[in-house]
Chemist: 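The structure under discussion is supplied below as structure tokens; questions concerning it will follow.
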There are 2 protein chains.
Amino acid sequence: MNDGVDSWIANEFSGVCPVRDLLDRIGDKWSVMVVLRLGRGTERFRALLRAVDGISQRMLTVTLRALESDGLVHREVFDTRPPSVAYSLTPLGVSLLVHISALANWAMEHEAEVKEAQAAFSAKTAKAPSEHRN
Amino acid sequence: MNDGVDSWIANEFSGVCPVRDLLDRIGDKWSVMVVLRLGRGTERFRALLRAVDGISQRMLTVTLRALESDGLVHREVFDTRPPSVAYSLTPLGVSLLVHISALANWAMEHEAEVKEAQAAFSAKTAKAPSEHRN
DNA sequence: CAGTATCCGACAGGATACTG
DNA sequence: CAGTATCCTGTCGGATACTG
């Protein structure tokens, strides 16, 4: 199953690698959120803007362009009045969505564990340094 | 399978969500690379520094601290001369590694498709704008 | 509605020097 | 070796205003 990554990691691991590329793309602030949302189905610009909470118009445009250029998102323009543009996942995008969803699920399942670990870590580091209070 | 994310997306999708949190953590430049590398087994600071190509000493420290505080990485100090510190994945880290590896594999499998899409996109956008040459 | 163009602040992260 | 402390730059991304 993991033979692909495994062998790659075993050899040189880094330098020029597809994982770095992938992260440089969808590792940004919004890509994953947009892909997840589009996983529900085709959606228009405005709708996405409202759905993906906190994203600015500019960043939605930028993100969609990037995803489109990577072949993950399909953009279809309808010459209506007022103009309308629909975005949807390409088959490639769907194939990625699977893994992203898995990651999202992991995040939800282990949310508590992470918070617990953070609390433990804070407690541990709080007493370690010779407390220099302000 | 996806019912977790799905129902969440269906409701409000965004706002405060575990996926945002996860991305804010491991969505940075190095976390995923380090986790992938540690997936091979315990490794010491220097070794990691050499293995994860391109990372600076500072960023390795910062990244490891973050991963440790999230409970994904375990840090063990050996009081030797010279000092030695070993890093390894916690069970939680391993559970995440599974999905990250899947993503890494996806990246490798679809590397060509993405590049193809990018070429097509460049070609398409190259003629659209009223070429303003430098 | 669906963008594009600017401006700008915040912060991620690289380089370097120093410590136990 | 395994860090910490500083400094400094690039760029990510938010706010705002304008266009077809």
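We name chains A, B, ... by the order of the sequence lines, and we start the count at 1 in each one. What you are looking at is a predicted structure, and each value in this text was computed from that prediction instead of being measured.
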Chemist: Do the charged groups of A:Arg50 and A:Glu43 touch, with an N to O distance under 4.0 Å?
Modeler: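 Salt bridge between A:Arg50 and A:Glu43, a charged N being under 4.0 Å from a carboxylate O: no.
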
Chemist: Within the structure, does a side-chain N or O atom of B:Arg65 lie under 4.0 Å from either OP1 or OP2 of D:dT4?
Modeler: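 For D:dT4, OP1/OP2 do have a side-chain N/O of B:Arg65 under 4.0 Å.
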
Chemist: CZ of B:Arg25 versus C1' of C:dA12: gap in Å, rounded?
Modeler: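 Result: 16 Å.
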
Chemist: Name the closest nucleotide to the A:Ser84 side chain, picking from D:dG13, C:dA2, C:dG13.
Modeler: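 The answer is C:dA2, which lies nearest to the side chain.
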
Chemist: Atom CZ of A:Arg75 and atom CZ of B:Phe121: how far apart are they, to the nearest 0.5 Å?
Modeler: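 Reported to 0.5 Å precision, the distance equals 8.0 Å.
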
Chemist: Where the side chain of A:Arg75 is defined as all heavy atoms beyond and including C-beta, which of D:dA2, C:dA2, C:dT4 is the nearest nucleotide?
Modeler: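 Nearest to the side-chain atoms of A:Arg75, counting from C-beta on, is C:dA2.
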
Chemist: For B:Asp79 and C:dG20, give me the distance from atom CG to atom C1', rounded to whole Å.
Modeler: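 To the nearest whole Å, that distance equals 11 Å.
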
Chemist: Salt bridge between B:Arg44 and B:Glu76, side-chain N to carboxylate O under 4.0 Å?
Modeler: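 Judged by the 4.0 Å cut-off on N to carboxylate O distance, B:Arg44 and B:Glu76 do not form a salt bridge.
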
Chemist: Evaluate whether atom CD of A:Gln118 has more than 12 neighbouring non-hydrogen atoms of other residues, nucleotides or ligands under 6.0 angstrom away.
Modeler: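 More than 12 heavy atoms, drawn from other residues, nucleotides or ligands, come within 6.0 Å of this atom.
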
Chemist: The side chain of B:Pro83 is closest to which nucleotide in this list: D:dC1, C:dT6, C:dG13?
Modeler: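 Nearest to the side-chain atoms of B:Pro83, counting from C-beta on, is D:dC1.
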
Chemist: Quick one: A:Lys29 NZ to C:dA10 P, roughly how many Å, whole number?
Modeler: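 Spelled out: NZ on A:Lys29 to P on C:dA10 is 14 Å.
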
Chemist: Just the rounded figure in Å: distance from C1' of D:dA2 to CG of B:Leu64.
Modeler: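 Roughly 11 Å, once rounded to whole Å.
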
Chemist: Output the rounded distance in Å from CZ (A:Arg58) to C1' (C:dC8).
Modeler: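 Rounded to whole Å, this separation is 11 Å.
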
Chemist: Whole-Å distance between D:dG14 C1' and A:Leu60 CG?
Modeler: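 About 14 Å, once rounded to whole Å.
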
Chemist: Report the distance from atom CE of B:Met59 to atom C1' of C:dG13, rounded to the nearest whole Å.
Modeler: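 These atoms are roughly 5 Å apart.
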
Chemist: Please classify the nucleic acid contact of B:Tyr87 as base, sugar-phosphate, or nothing, using heavy-atom distances under 4.0 Å.
Modeler: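 Sugar-phosphate only.
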
Chemist: Mapping A:Val77 and B:Gly27 onto DNA chain C by nearest heavy atom, which one lands closer to the 5' end?
Modeler: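 Comparing both residues, the 5'-ward one is A:Val77.
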
Chemist: Does C:dC1 have its OP1 or OP2 closer than 4.0 Å to a side-chain nitrogen or oxygen of A:Arg46?
Modeler: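 Looking at the OP1 and OP2 atoms of C:dC1, one of them is under 4.0 Å from a side-chain N or O of A:Arg46.
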
Chemist: Could you check if a side-chain atom of A:Ser95 sits within less than 4.5 angstrom of a side-chain atom of B:Trp106, using non-hydrogen atoms only?
Modeler: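 A side-chain contact exists here, since the closest heavy-atom pair is under 4.5 Å.
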
Chemist: Just name whichever nucleotide pairs with D:dG20, Watson-Crick or G-U, keeping both distances under 3.5 Å, else none.
Modeler: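 C:dC1 is the nucleotide pairing with D:dG20.
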
Chemist: B:Pro82 side chain: which of D:dG13, D:dC1, C:dC1 is closest?
Modeler: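 Within the option list, the nearest is D:dC1.
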
Chemist: Rounded to whole Å, how long is the line connecting atom CH2 of B:Trp30 with atom P of C:dG13?
Modeler: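 Answer to the nearest Å: 9 Å.
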
Chemist: Between A:Arg44 and C:dA2, does any side-chain N or O lie under 4.0 Å from OP1 or OP2?
Modeler: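 Result: yes.
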
